[in-house]
Amino acid sequence: MSKELLTGWGRTAPARAERRSPSSVDDVQAAFAERRPVIGRGLGRSYGDPAQVSGGLVLDNRALSEVHHFDATTGIITAGAGLSLDDLLRITMPAGWFVPVTPGTRQVTLAGAVAADVHGKNHHVDGSFGQHVLRLTMVTPSGVFEITPSSDPDLFWATVGGMGLTGFITQVTVQLIAIETDKVLVDTRRLNSLDEVMRELKESDATHRYSVAWVDCMTTGRHMGRGIITRGEHARVSDLDSPSLTGPSVAKLTVPFDAPSGLLNPLSIKIFNEAWFRVAPVHKDRQVQSISTFFHPLDGINDWNRLYGRRGFVQYQFAVPDSASEMVVTAIDQLSASKVPSFLAVLKRFGPGSPGHLSFPMAGWTLALDLPVGPAALPRVLDELDELVLGAGGRLYLAKDARLDGRHLRAMYPRVDEFLSVKARVDPENLFTSDLARRLDLIRK
Amino acid sequence: MENAFGQPQTVIVFGGTSDISHAVTLRLVKQRARRLVLAGRSADSLAARGAELTAAGATDITTVIFDASRPEQAGDTVTEAFDALGAPADLVVIAVGLLGDQLAMENDAAASAEMAAVNYSWPVAAIAEIRRRLIAQGSGRILVYSSVAAIRVRRDNYLYAGAKAGLDRFCEGVADSLVGTGVSIQVVRPGMVRSKMTAGMKDVPFTTSIDECADNIVKGLGTSAGVITSPSILKWVFLALLHLPRPVWRKLSATK
Ligand SMILES: Cc1cc2nc3c(=O)[nH]c(=O)nc-3n(C[C@H](O)[C@H](O)[C@H](O)COP(=O)(O)OP(=O)(O)OC[C@H]3O[C@@H](n4cnc5c(N)ncnc54)[C@H](O)[C@@H]3O)c2cc1C
């Protein structure tokens, strides 16, 4: 038990809270007995403030990381909610099983993956994480629930994507996917305009399980939105000379201290973007890559968020329906014209969303940008992008948000009230709240 | 809650009817501030300010009446304001101040005591209670209006500037006490601003408009700067002035 300053991965808006590491249902219930605001926390890989509640109790799920059952014939695993995908893969990959959905980092917990209903490069084929969850055990102020999508669909889908606000998850059962090797066969295309990038990405909906594009949001004019598309499939034994099945590698580098604010400035980011673009092959097929290189390139460096300096950074990620493809072009245009520096903009395709009340993905496009805090224009530039997103019938990703105006929440998430009525059933006094929920006026407590 | 850009959502303003402070609040409402408590001396002017803030987008405005010449009541006033807000306070502004009439007051013990009460004792007492509450809350900012006049006190306004100097230095210590608590305190040192407080005075160099000053303050609020000087060049000007020999300073700063 300790009082600590907590932030999300973007290291903005710190809050002091009391952090506990419950290792049993009793520990969690004991926390409720104090009647203080409470929220769960995993590895803190959300960018903003969903896993903190200032002045309250933050229940760290890391002590709950035991693997309770792993069936290597069916690929079904039941584990403590605090098990990281990294640790999970070390256990399951040698047996030929991979997570059905992985975010861009393995350093997330099972509960974090459920609470944000995370998506990966395969959303257009496989959907989001919650759609592969078979069972959840959760502790709420109204009792302990073991639920499946059919036993209590309301609570299940309020919890999937519910940003930890319905209760504290203690156990998760997931159906994994079978793999033959620990490698991915990757096709790369370097394309000179946003139009080409979007056309190619859309075409690969049917042809590739995994696809993603990196888009340059700092180049204006004809090459605006130029990008690199990478698409992949799990390699089969017959694809490789010496097939192997081992878990992911361990990060070797660590950023030891905060970089000076301003290290990542418009010029350095432009140079980085240019280099990134030049280094990519124009056209390459069936390149053999490791799981880490393809899915989690940033996991090679620990604490890379410190590169953004003391003021931190925000990630802006929106989704818009296919009917609003034009909006993606307008957004990138607006961003590159605004001259706020942005790193590594990632453009992906989404398939249909999950039944999660507050789940983020919707069929269409998603764009994510990392933006250092500092430029005076940035708050306004993003407020203006919000208007575009709203106009297009889209939404922002709560796991990344750190600055949305609460007035827009219901337009982006029309099922908020449905969500709140389920929450009222299991948490009538709104003990569960977070700085995110307060900031968005989702819960006034 | 405050967002990633330091934009507050809930704000309590003590003494919020001054022009500068109101201009700052208005800007905050145009960003994210929705729920506000305005505390001041006169119900009428609070209501008028509140109406403008509502028109700008504030959704909840409550007012609290208090008298800054009664520091012993500051704790109760702060409690009343926090209760009226009914949510964690992201930003608490202390904008109380009395410029006074130096020449008319300097031989008057009671008037001098009032200058010290309003400009120093009330804010100090209020900060004691605000600080305690924000630490328990685990987040929040305190913004305290000082003045560039507090950097080097002049013969012509030592009652005002002396009290502000005390407050300004007091806040330095408070700032150090807050490291690691999630709470921070920022001091604003505006230079001369054309406002109702300064009506009839002549413009000194680097005088700004209310709007410029408010812009500078809002910009500073988004950062972790301990001191916000407006315009920022005055930081350097006063650094130089601070090192002038006393007789030179006396001559230079004399306005009459
Ligand atoms: C480099 C990087 C790349 C990323 N890429 C992607 C991506 O491609 N796709 C994607 O979808 N996301 C992505 N993310 C975001 C990340 O996957 C999510 O924010 C995820 O929720 C983080 O999990 P965590 O364990 O760190 O949880 P935290 O960030 O600690 O918490 C996230 C949420 O989970 C809740 N929570 C935590 N534990 C519990 C519990 N036991 N019970 C109930 N609720 C709980 C918290 O309250 C909070 O609301 C990325 C993040 C980073 C840093």
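Each chain gets a letter, A, B and so on, in the order its sequence line appears, and its residues count up from 1.
Only the backbone of Leu404(A) comes within less than 4.5 Å of a heavy atom in chain B; its side chain stays farther off. Heavy atoms of Arg11(A) lying under 4.5 Å from chain B are absent altogether. Looking at Ala87(B), there are no atoms closer than 4.5 Å to chain A (heavy atoms on both sides), in backbone or side chain. Both the backbone and the side chain of Arg438(A) come within less than 4.5 Å of a heavy atom of chain B. Of the atoms belonging to Thr223(B), heavy atoms from both backbone and side chain fall under 4.5 Å from chain A.
Contact record, Gln7(B) with Pro379(A): NE2-CB, 3.6 Å, taken as the closest heavy-atom pair. Looking at every heavy atom in both residues, Asn3(B) comes nearest to Ala402(A) through CB-O, 3.2 Å. Nearest heavy-atom pair, Thr181(B) versus Leu5(A), reported as atom, atom and distance to 0.1 Å: C-CD2, 4.0 Å. When every heavy atom of Met1(B) is checked against every heavy atom of Ser54(A), the shortest pair comes out as CE-OG, 3.5 Å. Taking every heavy atom of both residues into account, Arg310(A) and Ser224(B) meet most closely at NH2-OG, 3.8 Å.
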Practice problem: Check the pair Ser139(B), Arg16(A) against side-chain contact (heavy atoms from CB on, under 4.5 Å), reporting the backbone distance first and the verdict last. | Solution: CA-CA 6 Å; Ser139(B) 61; Arg16(A) 203 169 152 94; over 6 Å; no
Exercise. Begin with the C-alpha distance, continue with both residues' side-chain angles, and end with the deciding distance and a verdict on side-chain contact (heavy atoms from CB on, under 4.5 Å) for Phe5(B) and Val314(A).
Key: CA-CA 9 Å; Phe5(B) 301 128; Val314(A) 293; 4.1 Å; yes
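More than 12 heavy-atom neighbours from other residues, nucleotides or ligands sit within 6.0 angstrom of CZ on Arg36(A). Shown here is Ile233(B), whose CD1 atom has no more than 12 heavy atoms of other residues, nucleotides or ligands within 6.0 Å.
Here Arg439(A) contributes atom CZ and Asp90(B) contributes atom CG; the two are 10.5 Å apart, rounded to the nearest 0.5 Å.
None of Gln31(B), Gln9(B), Arg34(B) except one satisfies the side chain to side chain contact (heavy atoms under 4.5 Å, CB included) rule with Asp405(A); the exception is Arg34(B).
Look at Asp383(A) and Arg32(B) and you find a salt bridge, because one of the NZ, NE, NH1 or NH2 atoms lies within 4.0 Å of a carboxylate O, short of that distance.
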